[in-house]
Amino acid sequence: MTTPLLQMKGIGKSFGANRVLQDVHLDLFAGEVHILAGENGAGKSTLINILGGVHQDYEGQILLDGTARQFKSVLEAARHGIAVIHQELSLVNTLSVADNLFLGREVCRWSWLQRTSMLAQARQWLAALDLDIDVTCPVEQYPVGIRQMIEICKALSLQSRIMVMDEPTSALTEPESQRLFGLIDTLKQRGVGIIYITHKMEEIYRIGDRITVLRDGQAIGTARSHLLPQDTLVTWMVGRTIQEQFPNHAPHTGEVCLQARHFTVPDPDRRGACVVDHVNLAVHAGEIVGVAGLQGSGNSALLNGLFGTFGRRVQGDVQINGRPYTAFSPGHSIARGMALVTNDRKTTGLIASMNIIQNVTLASLKAFCEGGFLQPKAERRAAAQQSRALNLKASSLNEDMDCLSGGNQQKVVLAKWLETRPRILLLDDPCRGVDIGAKHEIYELMTRLCTEGVAIVLVSSEMPELLCMSDRILVMHRGQVTLALNRDEATQEKILYAALGKRNNA
Ligand SMILES: Nc1ncnc2c1ncn2[C@@H]1O[C@H](COP(=O)(O)OP(=O)(O)OP(=O)(O)O)[C@@H](O)[C@H]1O
Ligand SMILES: [Mg+2]
């Protein structure tokens with residue numbers, strides 16, 4: 001029998017008193033994709049952070065080609081051929097794309113930086129992912145999906161033998177994910193071993209050769225993916241069966257809550273250009289309007305523009321509940337009953353150094369003030385209620401965001417906005433990184449909010465979510481709405497076709 005590329009044996013890990021991994025075994029062979037699945041907070045990222053040299057104090061053993069290794073740093077793990085695409089993106093936002101790609105391994109000649117060859121090489125790497133962006137621009141200028149592609153590109157460029165991908169497609173749209181899968185096939189043929197973490201069922205079965213499931217820090221089982229039926233997999237993950245992923249959502253259409261006519265968001269970087277171009281939108285009480293589109297199509301910018309993220313730079317007529325709205329600032333939007341769950345929890349969703357209670361109450365502090373003083377007991381009560389409703393997994397409500405798993409951070413973002421009791425809810429990829437059980441709960445929550453007359457606009461990178469949850473779907477391309485579909489006429493093909501900018505939709 002061939003020796004596995006990698007063996008992780010009896011891995012255990014605690015954070016303080018919190019035991020998060022217990023006697024976990026995982027192995028990886030050359031040329032295979034080994035899926036690591038499990039609920040939010042199960043310990044997946046912690047396990048691969050141990051492999052990647054992020055955590056050095058753990059129990060158990062790591063063997064590469066049968067030889068025991070202990071990595072004292074991320075750099076040491078990288079030197080041993082381990083590349084990690086982290087769940088929370090690890091790029092330096094103020095540095096350029098090229099500088100990020102070469103960080104720590106700049107090309108020098110007689111101690112001079114070889115900028116021209118670095119830029120050329122960076123462009124070549126990006127081209128492998130069909131990514132046509134300016135490599136000299138700071139990373140922070142790009143939306144989260146592009147940043148995720150840059151992160152993937154960085155890991156690919158290391159040409160490692162072991163690649164770890166922690167939810168690499170969580171902010172990618174369908175065609176971008178397909179491109180990544182193509183690259184994964186190539187890597188497999190070259191003998192690279194890949195550990196792949198995802199909450200997306202289709203991906204597990206599309207690319208996985210074997211699957212290991214973690215639950216509450218323990219490995220529940222490992223199986224070849226074609227021998228593990230989906231319902232067994234789900235039971236392994238959440239400890240119960242989940243019948244249907246999407247609840248029955250019947251529209252409860254009432255009055256128009258949010259109306260935009262010729263809504264336009266100018267491009268901050270290119271004079272005369274727009275990222276949202278004369279979009280018309282009407283959302284009724286109790287209705288979910290889905291907005292599809294590729295990265296940079298303007299769907300995220302539409303939500304942000306309406307919410308006031310760009311201030312009064314936007315143009316067009318907007319009405320909330322029949323009354324004109326021109327203030328365009330997040331504060332005013334919140335006061336008018338609007339909430340925006342952004343797609344980038346790290347930068348715009350949460351404050352990492354604040355705890356759960358502070359984050360949950362952040363957008364509704366007024367409700368917790370009495371005589372100018374915050375009421376900590378009321379804040380705690382609200383946070384406890386939200387975390388119960390969303391099934392938040394944390395050792396205490398005083399836990400800072402950096403100590404929560406990715407999916408649980410996402411739940412805090414949702415909790416924060418639900419706490420404002422919105423009447424118009426703008427959701428930009430609300431289930432990003434959320435496990436299958438929690439997704440089901442969020443979909444039920446959306447359905448319940450609709451019956452209460454809340455109007456929802458849903459941008460999502462996940463096609464099944466858009467198709468099954470939306471009453472109507474608008475497809476955007478280059479800032480414009482190129483297609484509008486009712487629920488019963490919407491198909492994945494039609495949406496993709498229009499999202500790619502093809503006019504003649506069959
Ligand atoms: N730096 C840290 N300090 C303290 N606790 C942590 C830290 N990182 C993770 N944890 C805890 O470890 C547990 C496992 O988290 P981990 O991030 O590994 O989960 P996960 O399986 O990757 O979940 P998700 O699917 O949500 O990303 C969680 O309970 C989390 O709160
Ligand atoms: Mg994780």
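By convention here, the first residue in the shown sequence is residue 1. In each ligand, atom 1 is the first atom listed, and ligand 1 is the first ligand listed.
- Of the heavy atoms in Glu399, none comes closer than 4.0 Å to ligand 1.
- The stretch residues 31-57 participates, sequence neighbours left out, in these salt bridge (Lys or Arg N to Asp or Glu O under 4.0 Å) pairs: Lys13-Asp57, Glu32-Arg210.
- For Gly38, no nitrogen or oxygen atom sits less than 3.5 Å from a nitrogen or oxygen atom of ligand 1, counting backbone and side chain alike.
- Residue contact annotation: Lys393 has no non-hydrogen atom under 4.0 Å from ligand 1.
- Those atoms of ligand 1 with a heavy atom of Gly407 less than 4.0 angstrom away are 24 (P), 26 (O), 27 (O).
- Nearest protein heavy-atom contact of atom 27 (O) of ligand 1 is Gln87 NE2, 2.9 Å.
- Assignment of Gln410 to the shell around ligand 1 is not supported, since no heavy atom sits closer than 4.0 Å.
- Within the structure, the side chain to side chain donor-acceptor pair (under 3.5 Å) test picks out the following pairs touching residues 379-389 (sequence neighbours left out): Thr361-Glu379, Arg380-Asn398, Gln386-Glu419.
- Assignment of Gln409 to the shell around ligand 1 is not supported, since no heavy atom sits closer than 4.0 Å.
- Within 6.0 Å of CG in Asp132 there are 12 or fewer heavy atoms belonging to other residues, nucleotides or ligands.
- Phe15 CE1, 3.5 Å is the protein heavy atom nearest to atom 9 (C) of ligand 1.
- Of the protein's non-hydrogen atoms, the one nearest atom 29 (O) of ligand 1 is Asn18 ND2, 4.0 Å.
- Remark: side-chain polar atoms of Asn408 are not paired, donor with acceptor, to backbone N or O of Leu392 under 3.5 angstrom.
- The one candidate from Leu26, Ile194, Asp209, Leu6 that meets the side chain to side chain contact (heavy atoms under 4.5 Å, CB included) condition with His34 is Leu26.
- We find that Glu444 and Arg448 are not joined by a salt bridge, their nearest charged nitrogen and carboxylate oxygen being 4.0 Å or further apart.
- At least one donor-acceptor pair closer than 3.5 Å links the side chain of Arg432 to the backbone N or O of Asn343.
- With a 4.0 Å heavy-atom cut-off, ligand 1 is reached by the backbone of Thr46 and by its side chain too.
- Protein N/O/S atoms nearer than 2.8 Å to the Mg ion (ligand 2) total 2.
- Under a 4.0 Å N-O distance rule, the pair Lys411/Glu441 does not qualify as a salt bridge.
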side-chain hydrogen bond (donor to acceptor under 3.5 Å, both in side chains) between Asp166 and Ser45, intermediate numbers included: CA-CA 7 Å; Asp166 196 350; Ser45 296; 2.6 Å; yes

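- Among all protein heavy atoms, the one lying closest to atom 31 (O) of ligand 1 is Cys403 O, 2.7 Å.
- Residues meeting the ring-ring contact (aromatic ring centres under 6.0 Å, His included) test with Trp236, sequence neighbours left out: none.
- Close approach to Glu39 involves these atoms of ligand 1, each under 4.0 Å from a residue heavy atom: 21 (O).
- Ring geometry for Trp417 versus Phe307: interplanar angle over 60°, hence perpendicular rather than tilted (30 to 60°).
- Electrostatic pairing of Arg161 and Asp65 counts as a salt bridge here, judged by a charged N lying under 4.0 Å from a carboxylate O.
- Using a 4.5 Å cut-off on side-chain heavy atoms (C-beta onward), Ile356 and Met401 make contact.
- Applying the 4.0 Å criterion to heavy atoms of Glu167 picks out, from ligand 1, the atoms 25 (O), 27 (O).
- Every atom of ligand 1 with a heavy atom of His199 under 4.0 Å away is listed here by number and element: 25 (O).
- Atom 17 (O) of ligand 1 has its closest protein heavy atom at Ser405 CB, 3.4 Å.
- Ion pairing of Arg345 with Asp429 is absent here, as no side-chain N (NZ or NE/NH1/NH2) approaches a carboxylate O to less than 4.0 Å.
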Given the rule in the side-chain hydrogen bond (donor to acceptor under 3.5 Å, both in side chains) test, do Glu167 and Gln87 qualify, once you have shown the distances and angles that lead to the verdict? CA-CA 6 Å; Glu167 301 187 34; Gln87 179 176 20; 3.0 Å; yes

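- Near Asn40, with a cut-off below 4.0 Å to any heavy atom, the atoms of ligand 1 are 23 (O), 24 (P), 25 (O), 26 (O).
- Of all protein heavy atoms, the one closest to atom 23 (O) of ligand 1 is Gly41 N, 2.8 Å.
- The single protein non-hydrogen atom nearest to atom 13 (C) of ligand 1 is Val20 CG1, 3.4 Å, given as residue, atom name and distance.
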